[in-house]
Number of protein chains: 2
Amino acid sequence: MGISKTDCFTDRQNALAQQFKALSHPARIAIVEHILRVNSCICSDLVEEIPLAQSTVSLHLRELKNAGIIKGSIEGNSLCYCLNEAVLNELREYISDILNKISGKTECC
Amino acid sequence: MGISKTDCFTDRQNALAQQFKALSHPARIAIVEHILRVNSCICSDLVEEIPLAQSTVSLHLRELKNAGIIKGSIEGNSLCYCLNEAVLNELREYISDILNKISGKTECC
DNA sequence: TATGAATATTGTAATATTGCGATGAAATAA
DNA sequence: TTATTTCATCGCAATATTACAATATTCATA
C-alpha cells in the first residue's frame with residue numbers, strides 16, 4: 001500500500017524512523033556533510049555543490065528540517081541552516097544504547 | 001522521478017544512506033528492538049509481535065539484512081537473526097564524528 | 001515419502017518519494 | 001519602482017516503498 005501503519009508503533013519508534021529517514025538519502029547525507037564542512041552555515045551555495053535542481057535541494061532541506069536534523073534561521077535575504085546537535089545526539093544515544101545492550105552477550109549468528 | 005541519482009554521490013554517502021534507510025521505518029525499528037529484547041534471536045515470533053503480515057515482516061527483515069543491520073543464520077528449520085554490532089558501530093561513529101566536529105563551534109541558528 | 005512448520009517470493013494495489021521546470025514570495029539592490 | 005537574489009511551493013512524471021494474500025521453497029519429522 002505504500003503507507004506505513006504508523007498507528008501500530010509507539011510515538012518514539014515513529015519519531016526515530018522519521019529521523020533516520022531524513023538521513024536515508026545520499027543527497028541529504030551530502031547536505032549534512034557540506035554544512036559540516038563550510039562551518040559558516042550560509043546556505044544554497046548548496047545548490048552549486050550538489051548536482052540537483054534548486055527545488056530538489058530545497059525539498060531535501062525541508063525533510064532534514066522537519067526531522068530536526070538541521071535548524072534554519074532567516075538571515076536577511078538568505079537562509080542560514082545548521083546542524084541540530086540535540087537531535088544528532090539523540091540518534092547517537094539510541095544506537096549507543098543498542099550497542100551497550102548487545103556488547104556483553106554472546107554472538108549467535 | 002522517484003529514482004535517486006546515486007551516481008552523483010560517493011560510495012560512502014550511498015552506503016550510509018542505505019544503512020540509515022534500513023532504520024527509517026517504524027516496523028524495522030520495532031524489529032530491531034524486539035531482537036534486542038528477546039536476547040535469544042530465534043525469530044518470527046516476530047510475526048506475532050508485530051502487527052503486520054508474515055510476508056511484510058519477511059520483507060522488512062530482508063531490508064535490514066541487506067543493509068547489514070542484522071545477520072541471519074540458518075538454525076535447522078528456522079532462521080536465527082541477530083544484530084550486527086559492526087555496522088551499528090559504524091553508524092554510531094559516523095554520528096559521533098559529526099558531533100565532535102560541531103561541538104567546539106558556535107551555534108549560528 | 002508425505003506432512004507440517006518456517007520463511008521467502010510473487011503478484012497486485014495503493015501511496016510515497018524523487019526530481020525537474022515553472023511559478024511565487026520576500027527581501028535587497030539598483 | 002524595477003530588477004535581482006534567495007528560497008519555497010506547485011504540478012507533473014517516473015520510480016520506489018509498503019502491504020497483503022497466495023504461492024513456493026526448504027527442512028525436519030512422522
Side-chain angles (χ1 to χ4, degrees), chain A residues 1-9 13-14 17-18 20-31 34-35 38 40-67 70-82 109, chain B residues 1-9 13-14 17-18 20-31 34-35 38 40-67 70-82 109:
Chain A
M1 301 196 172
I3 187 169
S4 300
K5 298 174 76 175
T6 51
D7 52 322
C8 296
F9 307 102
Q13 287 169 337
N14 284 311
Q18 200 210 352
F20 284 124
K21 179 180 246 161
L23 297 173
S24 77
H25 192 288
R28 294 195 288 270
I29 293 282
I31 287 172
H34 185 73
I35 294 179
V38 295
S40 127
C41 45
I42 294 136
C43 287
S44 287
D45 53 338
L46 270 174
V47 178
E48 294 183 22
E49 263 308 301
I50 292 170
L52 293 172
Q54 178 267 324
S55 57
T56 306
V57 172
S58 183
L59 197 102
H60 284 309
L61 284 168
R62 188 169 64 182
E63 277 189 70
L64 285 166
K65 204 164 105 181
N66 281 346
I70 62 177
K71 296 183 283 186
S73 63
I74 294 164
E75 192 83 21
N77 199 13
S78 60
L79 235 170
C80 166
Y81 281 116
C82 66
C109 294
Chain B
M1 301 199 167
I3 188 169
S4 300
K5 298 175 78 175
T6 51
D7 53 321
C8 297
F9 306 102
Q13 287 169 336
N14 283 311
Q18 200 210 351
F20 283 123
K21 180 180 247 163
L23 297 173
S24 77
H25 192 287
R28 294 195 288 271
I29 293 282
I31 287 173
H34 185 73
I35 294 180
V38 296
S40 126
C41 47
I42 295 135
C43 288
S44 289
D45 52 338
L46 270 175
V47 179
E48 294 183 21
E49 264 308 300
I50 292 170
L52 293 172
Q54 178 266 324
S55 56
T56 306
V57 172
S58 183
L59 198 102
H60 283 310
L61 284 168
R62 188 168 63 181
E63 278 190 68
L64 284 166
K65 204 165 104 183
N66 281 345
I70 62 176
K71 295 184 283 187
S73 63
I74 294 164
E75 190 83 22
N77 198 12
S78 61
L79 238 170
C80 168
Y81 282 115
C82 66
C109 296

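Computed over heavy atoms, backbone and side chain alike; hydrogens, waters and symmetry mates excluded.
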Which atom of [X] lies closest to which atom of [Y], heavy atoms considered:
X	Y	value
B/Leu52	B/Ala27	CD1-CB, 3.7 Å
B/Arg28	B/His60	NH1-ND1, 2.9 Å
A/Ile29	A/Leu23	CD1-O, 3.4 Å
A/Asn14	A/Phe9	ND2-O, 3.6 Å
A/Ala22	A/Glu63	CB-O, 4.1 Å

Handout entry: Interface residues of residues 50-58 of chain A with DNA chain C (non-hydrogen, below 4.0 angstrom)
Key =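 Of all residues in residues 50-58 of chain A, the ones placing a heavy atom under 4.0 Å from DNA chain C are A/Leu52, A/Ala53, A/Ser55, A/Thr56.
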Exercise for the section: Identify, between A/Lys21 and A/Leu61, the residue whose nearest nucleotide on DNA chain D lies closer to the 5' end. Expected result: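 Between the two, 5'-proximity favours A/Leu61.
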Problem - Side-chain N,O (B/Arg62) to OP1/OP2 (C/dT7) below 4.0 Å - result: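 Indeed not, no polar side-chain atom of B/Arg62 lies that close.
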Practice task
Would you indicate, yes or no, if C/dA6 has its OP1 or OP2 atom less than 4.0 angstrom from a side-chain nitrogen or oxygen of B/Tyr81?
Solution key: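 For B/Tyr81, the contact criterion (side-chain N or O under 4.0 Å from OP1 or OP2 of C/dA6) is not met.
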Whole angstrom is fine here: how far is it from [atom1] in [X] over to [atom2] in [N]?
X	N	atom1	atom2	value
A/Gln18	C/dT17	CD	C1'	14 Å
B/Glu63	D/dA19	CD	C1'	12 Å
A/Asp7	D/dA19	CG	C1'	13 Å
A/Leu59	C/dG21	CG	P	15 Å
A/Leu46	D/dT6	CG	C1'	13 Å
A/His60	D/dT9	NE2	C1'	15 Å
A/Glu48	D/dT5	CD	P	12 Å

Practice task
Applying side-chain contact (heavy atoms from CB on, under 4.5 Å), run through A/Tyr81 and A/Ile31 and close with a yes or a no.
Solution key: CA-CA 10 Å; A/Tyr81 281 116; A/Ile31 287 172; over 6 Å; no
Practice task
Remember a base hit wins even if backbone is also touched, and classify A/Lys65 as base, sugar-phosphate or nothing at under 4.0 Å, heavy atoms.
Solution key: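 Nothing, no heavy atom under 4.0 Å.
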Exercise for the section: Would you confirm whether B/Ser24, through its side chain, and B/Lys21, through its main-chain N or O, come within 3.5 Å as a donor-acceptor pair? Expected result: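 Such a contact is found between B/Ser24 side chain and B/Lys21 backbone.
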